[in-house]
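A short worksheet on the structure shown next.
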Amino acid sequence: MYKFITSYIFVLGLTSVKAQIFEPFNLRYQHSSTAKVSKAGFEDFENTERTEQQIVEATFRYPIIFGKRNNIFLPELSHKIVGRQFDNWRSMVVEPATGNLTRLFLKGIFPVSDKWNILGVLAISQGVNSGVSWSFNHNYYRYGAGLVMNNKKGNQIGVSLLMIEELGFPAPAFIFRGTNGKNWNYSVTFPLLTIIEYNLNKKWRLRFEEHLDNDRFVLNINSRANYNQAILNLSIGLSYQLAKPIFMNVQAGLTPLNVLTYYEDKTTDIDTVSFDMQPTFGASIYISVNPKDYISK
């Protein structure tokens with residue numbers, strides 16, 4: 001019964017993407033240690049230190065297959081909590097305490113031939129600082145399109161252009177998803193999210209992750225003040241198969257980019273604060289489904 005349910009929900013639909021590994025659920029935790037301000041426009045931030053930062057994020061994905069060409073509609077819902085603590089916060093800007101952000105991604109892959117696919121993306125996100133209530137006026141949007149090619153090995157290679165309202169300009173992304181057939185698994189949407197795994201054996205995987213989080217949080221509902229946090233985290237770790245198809249991962253990494261930018265409205269920035277690079281430690285639990293495990297049986 002277990003194999004039937006798993007193969008029915010995840011595998012039969014995913015055969016249209018050449019049996020690539022798929023992660024329908026991921027719960028990750030990341031901890032960053034003390035980081036000093038390396039650069040800021042306001043003198044108020046010169047002696048400020050971020051003593052701690054913790055990120056918890058849960059992501060759910062579910063593929064829907066339809067049409068004669070096996071079009072794929074992939075809703076993705078995530079919720080992120082970012083907790084921070086500061087020393088010597090003397091700025092007139094409200095201190096960014098605990099931020100909550102929910103994002104809904106709607107992705108579609110539409111095959112136009114055996115080789116080529118059109119990619120469409122729409123995302124809606126809302127982030128609020130601690131004490132700020134939710135409102136549709138706080139929404140930020142992303143939308144774009146791309147082109148993805150199926151190669152002879154069953155992998156997918158492509159590019160996309162995504163208009164990001166938080167940034168105010170479109171950003172390109174390189175796409176590569178697939179496997180070398182045995183040990184290596186790739187899920188790349190660079191620079192947004194890159195996951196590369198190497199199968200050490202049936203239970204253990206070496207896992208590299210690149211996360212570029214760019215999130216906007218409303219600071220004050222009355223003044224429309226808000227801030228944007230951009231974090232680039234590079235990490236490497238080990239994953240262990242707890243029970244098929246559930247894995248647990250522990251990792252260590254670095255944040256070469258960690259920036260807070262303050263805005264008085266959606267587009268007018270006030271100041272940018274950059275923090276020193278610091279080590280990060282994290283753990284995650286995720287589901288990893290490989291259709292080949294079921295199709296071959």
Side-chain angles (χ1 to χ4, degrees), residues 30 32 35 37-42 45 50 53 55 57 59 74 76-82 84 93-94 96 99-108 119-129 132 134-148 158-176 187-195 209-221 223-234 254-275 277:
Q30 179 183 304
S32 302
V37 172
S38 61
K39 184 178 180 182
F42 290 171
F45 289 109
R50 196 197 64 218
Q53 179 170 272
I55 300 175
E57 182 177 20
T59 303
L74 183 62
E76 176 182 303
L77 180 65
S78 63
H79 184 77
K80 181 186 302 182
I81 302 173
V82 184
R84 314 174 191 85
V93 179
V94 177
N100 285 270
L101 183 135
T102 300
R103 177 174 287 123
L104 174 63
F105 257 110
L106 302 175
K107 305 176 184 179
L119 172 67
V121 179
L122 172 65
I124 306 170
S125 66
Q126 181 171 157
V128 294
N129 200 44
V132 178
W134 291 72
S135 170
F136 283 106
N137 295 328
H138 301 158
N139 287 346
Y140 283 84
Y141 299 90
R142 302 178 181 184
Y143 54 89
L147 201 60
V148 179
V159 293
S160 67
L161 194 64
L162 191 65
M163 179 63 191
I164 301 177
E165 186 180 8
E166 301 97 301
L167 298 178
F169 57 83
F174 169 75
I175 301 168
F176 179 56
S187 179
V188 178
T189 306
F190 181 83
L192 300 177
L193 175 62
T194 296
I195 298 175
E209 294 187 18
E210 174 262 338
H211 281 268
L212 179 57
D213 295 322
N214 187 79
D215 303 314
R216 187 71 71 95
F217 299 88
V218 176
L219 267 173
N220 190 319
I221 190 172
S223 66
R224 300 179 64 192
N226 58 87
Y227 66 94
N228 195 86
Q229 182 172 38
I231 303 175
L232 173 62
N233 185 64
L234 306 176
L254 293 170
T255 56
L257 174 69
N258 199 327
V259 177
L260 289 176
T261 303
Y262 294 92
Y263 293 80
E264 64 181 31
D265 53 32
K266 280 196 171 186
T267 58
T268 307
D269 61 290
I270 303 172
D271 191 22
T272 298
V273 182
S274 299
F275 294 92
M277 180 171 63

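Since we're looking at a predicted model, the values are computed, not measured. The figures that follow rest on heavy atoms only: side chains count, while hydrogens, waters and symmetry mates do not.
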Grab the two heavy atoms, one from N100 and one from H79, that are nearest each other, plus how far apart they are. OD1-NE2, 3.5 Å
Which atom pair, heavy atoms only, marks the closest approach of R50 to S32? NH2-CB, 3.7 Å
Flag side-chain contact, heavy atom, 4.5 Å: V82 against L101: no
Are T194 and L212 close enough that some pair of their side-chain heavy atoms sits under 4.5 Å apart? no
Are any non-hydrogen side-chain atoms of V121 and S160 less than 4.5 angstrom apart? no
Decide whether Q53 and Q229 meet the rule of one side-chain donor and one side-chain acceptor closer than 3.5 Å. yes
Test Q126 against T102 for side chain to side chain contact (heavy atoms under 4.5 Å, CB included), laying out the working first. CA-CA 6 Å; Q126 181 171 157; T102 300; 5.8 Å; no
For a quick test of reading the model, state the closest non-hydrogen atom pair linking L162 to G144 and the distance between them. CD1-N, 3.7 Å
Are the side chain of S38 and the backbone of S274 linked by a donor-acceptor contact shorter than 3.5 Å? yes
Interatomic distance, D269 atom CG to E264 atom CD [nearest 0.5 angstrom]: 9.0 Å
Sorted by chain and number, sequence neighbours left out, salt bridge (charged side-chain N to carboxylate O under 4.0 Å, His left out) with R84 holds for none
Heavy atoms of V132 and V218 approach each other most closely as CG2-O, 3.7 Å
Is the closest side-chain heavy-atom distance between D265 and T267 below 4.5 Å? yes
Can you find a heavy atom in the side chain of L254 that is under 4.5 Å from one in the side chain of L234? no
Quick one: closest heavy-atom pair of N139 and E165, and the distance? O-OE1, 4.2 Å
Please assess R216 against S125 for the test side chain to side chain contact (heavy atoms under 4.5 Å, CB included), listing each intermediate value before the final yes or no. CA-CA 8 Å; R216 187 71 71 95; S125 66; over 6 Å; no
In Å and rounded to the nearest 0.5 Å, what is the CD1 to CG distance from I164 to N214? 6.5 Å
Using side chain to side chain donor-acceptor pair (under 3.5 Å) as the criterion, list what pairs up with K80, not counting sequence neighbours. D213, D215
Measuring from F217:CZ to N129:CG, what's the distance to the nearest 0.5 Å? 8.5 Å
With I124 as reference, evaluate Y141, Y143, F136 under the side-chain contact (heavy atoms from CB on, under 4.5 Å) test and give the passing residue. Y141
Criterion side chain to side chain contact (heavy atoms under 4.5 Å, CB included) on N228 and Y140, from CA distance to verdict: CA-CA 11 Å; N228 195 86; Y140 283 84; over 6 Å; no
CA sep, side-chain torsions, deciding dist, call: E166, R142, salt bridge (Lys or Arg N to Asp or Glu O under 4.0 Å): CA-CA 8 Å; E166 301 97 301; R142 302 178 181 184; 3.0 Å; yes
Please work out whether the ring planes of Y227 and Y262 are parallel, tilted or perpendicular, with thresholds of 30° and 60°. tilted
Is there a side-chain contact between L232 and E210 in this structure, where contact means two heavy atoms from C-beta onward sitting under 4.5 Å apart? yes
Side-chain heavy atoms of F275 within contact of T255, under 4.5 Å: no
Answer yes or no: does atom CZ of F176 have more than 12 heavy-atom neighbours from other residues, nucleotides or ligands under 6.0 Å? yes
Heavy-atom pair of closest approach, residues P191 and P172: CD-O, 3.6 Å
Does the side chain of L161 come within less than 4.5 Å of V159's, by heavy atoms? no
Working to the nearest 0.5 angstrom, can you tell me the gap between R103 CZ and T59 OG1? 10.0 Å
Point-to-point distance, once rounded to the nearest 0.5 Å, from NE2 of H211 to CG of L192: 11.0 Å
